[in-house]
Amino acid sequence: MHWLMKSEPHEFSIDDLARRKREPWTGVRNYQARNHLRDDMQVDDEVLFYHSSCEEPAVAGLARIVRAAYPDPTQFERKSDYYDAGSRKDAPRWLAVDVGFVRRFAVPVTLARLKTIGAPLEGFRLLMRGNRLSVFPVSPDHFHHILALERTT
DNA sequence: GCCAACGTTGGC
DNA sequence: GCCAACGTTGGC
């Protein structure tokens with residue numbers, strides 16, 4: 001499948017991922033997003049890496065799932081922002097995946113631009129009202145349309 | 001099970 | 001900083 005994953009670039013950007021090569025995607029604390037990780041994400045799935053809550057929200061690059069879902073260790077770390085006292089080790093509530101760097105877009109595909117596309121991106125979740133989910137599937141058509149936007153500027 | 005209050009996300 | 005749109009929590 002294809003995915004979009006949001007990250008705030010001042011926390012973790014596509015450039016950070018480029019340096020690290022791969023990174024555990026921890027801290028997902030929304031059941032719908034968790035279910036996507038658990039049920040549908042597979043190694044080698046491609047990911048649009050989206051920068052949110054920043055000056056120019058945009059799809060900033062491409063990533064890939066390099067490890068399928070496993071218990072998110074941060075839920076058991078008392079000092080972590082993501083600590084969950086209600087989660088038990090024998091029945092972990094939250095999951096993580098590992099994400100690998102593929103490439104950084106030379107020119108980010110901005111949210112502002114995506115909004116001008118219209119029909120070809122009908123139903124693309126990022127553009128829909130009230131969208132807050134940090135991880136969601138992208139149809140192959142939408143995914144490839146966005147890659148084409150990167151090439152045409 | 002309802003629903004008000006509260007917290008979070010994220011664009012602007 | 002503001003606000004819309006959700007999701008979660010907790011009293012009843």
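To find a chain, count down the sequence lines: A is the first, B the second, and so on, and within it residues start at 1.
- Within the structure, every side-chain polar atom (N or O) of K6(A) is placed at least 4.0 Å from both OP1 and OP2 of dT9(B).
- No chain of hydrophobic side-chain contacts below 4.5 Å, direct or via other Ile, Leu, Val, Met, Phe, Trp or Tyr residues, connects L147(A) to V47(A).
- Summarising the geometry, the separation between CD on E11(A) and C1' on dT9(B) is reported as 13 Å, rounded to the nearest angstrom.
- A sub-4.0 Å separation between OP1 or OP2 of dA5(C) and a side-chain N or O of R129(A) is present.
- More than 12 heavy atoms of other residues, nucleotides or ligands shown are found within 6.0 angstrom of CZ on R93(A).
- Remark: P of dT8(B) and CD of E8(A) are 13 Å apart, rounded to the nearest angstrom.
- Here the P atom of nucleotide dG11(B) and the CG atom of L126(A) are 7 Å apart, to the nearest Å.
- N131(A) has its CG atom 13 Å from the P atom of dT9(B), to the nearest Å.
- Taken to the nearest 0.5 Å, the CH2 atom of W94(A) stands 12.0 Å off from the CZ atom of F76(A).
- Going from atom CG of D81(A) over to atom P of dT9(B) covers 11 Å, rounded to whole Å.
- Distance H10(A) NE2 to dT9(B) P: 11 Å, rounded to the nearest Å.
- Here NE2 of H145(A) is found 13.0 Å from CD of E150(A). Values are rounded to the nearest 0.5 Å.
- Put simply, CZ on R132(A) is 17 Å from P on dC3(C), counting in whole angstrom units.
- A straight line from OH of Y31(A) to P of dT8(C) spans 7 Å, rounded to a whole angstrom.
- Using a 4.0 Å cut-off, some side-chain N or O of Y50(A) falls inside it from OP1 or OP2 of dG11(B).
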